[in-house]
Amino acid sequence: MALRIVTWNINSVRLRIDQVSRFVSEYAPDVLCLQEIKCTEDQFPRQAFIDMGMPYLKVGGQKGWHGVAIASRFPIAEAPVLDVCREKHARNVAVMVKGVEIQNFYIPAGGDIPDRALNPKFDHKMDFYERLTAEAARRDKQAPLVLAGDFNIAPGEYDVWNHRHMLKVVSHTPIEIETLYRLQDAGGFLDVLRDQHPEPMKLASWWSYRAKDFRVSNRGLRLDHLWTSPGLSSAVVKGSARVLDTVREWQQPSDHAPVVMDLDV
């Protein structure tokens, strides 16, 4: 059977719960990984997810900021939450679904200055990646694992609206690109979306609210990712990975669009 996994930075789950319900109805995800839920666990709208047919929930909440959650149509089992955030933010939650471990991340954005000495937020981002890379290197690469979420790095030349300009902007600086690829290499991960849509195709999953019409300005970044371990990559359904950018057109949307893939499990 196919297992449809979606990652989506929802930018407040309570504010956009009606959009989540519409999305589930129209796109039928089996597992929905959400970032920036911006609520505590007791504030999470559990009943709404039960009503939309996704009753199995794992929530890592935080008051006003950050926060991650996984909702599933299928029963979930425990998976290790990775202690890679030195600030102890709610940035990782994990489950097992049908034998697949799913790790959902909201990785720090890193502020505005790409300098670890001058910018503690950027240092935190790099530290987060370094800890996660060490964890990936220890893992059994044949174990079925998905890394999902808002990684806050757009790595490739065709993952940003203007490569030359963005090399100076946090999210696409050389040190970040090198750091992301180091994580990918440590776990042997497949970048599913880029694998199915090779360069020079431009891809983006985030567009600033500053533009009145995000398609006209088209200054997007591919910040949202779905990666699979070597032991799972052969299960990815060919042609299933895509950015659902029409969701970004909805009224009062998140600034991120969902990213989807199907697994044959």
Side-chain angles (χ1 to χ4, degrees), residues 1-14 16-17 19-21 23-25 27-62 65-85 89-107 128 132 135 139 143-152 189 192-193 205 223-229 232 235-236 240-241 244 247 254 256-263 265:
M1 63 166 291
L3 184 71
R4 176 162 292 175
I5 299 176
V6 172
T7 183
W8 189 9
N9 181 320
I10 192 62
N11 194 11
S12 179
V13 67
R14 291 181 294 172
R16 295 188 171 85
I17 190 60
Q19 291 194 18
V20 176
S21 181
F23 178 82
V24 169
S25 176
Y27 292 96
D30 297 307
V31 180
L32 181 57
C33 299
L34 297 173
Q35 303 88 41
E36 275 201 281
I37 62 172
K38 294 184 177 179
C39 66
T40 56
E41 293 179 29
D42 62 305
Q43 295 170 328
F44 190 83
R46 292 176 178 270
Q47 188 60 49
F49 282 87
I50 293 170
D51 293 344
M52 65 182 80
M54 304 196 77
Y56 303 101
L57 299 164
K58 189 75 172 182
V59 181
Q62 185 172 338
W65 297 96
H66 316 311
V68 283
I70 298 176
S72 174
R73 292 188 188 277
F74 302 110
I76 60 177
E78 291 295 319
V81 176
L82 304 182
D83 184 23
V84 295
C85 179
H89 297 160
R91 292 185 178 273
N92 172 230
V93 71
V95 298
M96 296 286 296
V97 179
K98 293 192 172 293
V100 177
E101 180 180 345
I102 301 170
Q103 292 281 348
N104 177 25
F105 292 97
Y106 175 47
I107 296 180
F128 192 108
L132 184 54
E135 173 66 29
R139 289 293 189 103
L145 170 65
V146 172
L147 259 58
D150 178 357
F151 292 4
N152 265 311
F189 295 110
V192 174
L193 186 64
S205 61
L223 303 177
D224 304 275
H225 300 267
L226 290 167
W227 289 3
T228 51
S229 64
L232 187 63
V236 179
S240 66
L244 301 174
V247 175
S254 170
H256 293 254
V259 178
V260 61
M261 71 174 178
D262 293 343
L263 299 177
V265 296

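Hydrogens, waters and symmetry mates are skipped; everything else that's a heavy atom, side chains included, is used.
- Ion pairing between a basic and an acidic side chain is recognised when a charged N comes within 4.0 Å of a carboxylate O; R4 and D262 show such pairing.
- Looking at R14 and K38, their side chains never come closer than 4.5 Å, going by heavy atoms from C-beta outward.
- Within the 4.5 Å cutoff, no side-chain heavy atoms of L57 are placed close to those of E41.
- Nearest heavy atoms, V31 versus I102: CG1-CD1, 3.8 Å.
- With rounding to the nearest 0.5 Å, the separation of CD1 in I37 from CZ in F44 is 5.5 Å.
- Across all non-hydrogen atoms, the minimal contact from V265 to V100 is CG1-CG2, 4.1 Å.
- Residues Q103 and E135 have side chains not in contact (no heavy-atom distance under 4.5 Å, counting atoms from C-beta outward).
- Note that the CD1 atom of I5 and the OG atom of S72 stand 9.0 Å from one another [nearest 0.5 Å].
- Residues Y27 and L244 meet the side-chain proximity criterion, which asks for heavy atoms closer than 4.5 Å.
- Contact check for V20 versus F49: side-chain heavy atoms found under the 4.5 Å cut-off.
- Counting all heavy atoms, side chain and backbone alike, V13 lies closest to P45 at CG1-CD, 3.9 Å.
- Nearest heavy-atom pair, Q35 versus N9, reported as atom, atom and distance to 0.1 Å: OE1-N, 3.1 Å.
- Side-chain contact check for M261 versus L263: some heavy-atom pair is nearer than 4.5 Å.
- Using cut-offs of 30° and 60° for the angle between ring planes, the F151 and W227 rings count as perpendicular.
- To the nearest 0.5 Å, atom CZ of residue R16 and atom CG of residue N11 are 5.0 Å apart.
- Of all heavy-atom pairs between A94 and I70, the closest is CA-CD1, 4.0 Å.
- Side-chain contact between Y106 and E36 is present, with at least one heavy-atom pair separated by less than 4.5 Å.
- Contact between H89 and Q62 at its shortest, heavy atoms only, is CA-OE1, 3.3 Å.
- Residues D224 and S205 bring a donor and an acceptor atom of their side chains to less than 3.5 Å of each other.
- At distances below 3.5 Å, at least one donor-acceptor pair connects side-chain atoms of S229 with backbone N or O atoms of A143.
- Between atom CD1 of residue I50 and atom OH of residue Y56 there is a gap of 10.0 Å, rounded to the nearest 0.5 Å.
- Within the model, atoms CG of D150 and SG of C33 stand 12.5 Å from one another, a figure rounded to the nearest 0.5 Å.
- Note: L147 CG to L232 CG = 11.0 Å, rounded to the nearest 0.5 Å.
- Aromatic ring orientation, F128 versus F105: perpendicular (interplanar angle above 60°, classes split at 30° and 60°).
- With hydrogens and angles disregarded, no donor-acceptor distance shorter than 3.5 Å links the side chain of R91 to the backbone of V68.
- For the pair N92 and V84, the minimum side-chain heavy-atom distance is 4.5 Å or more.
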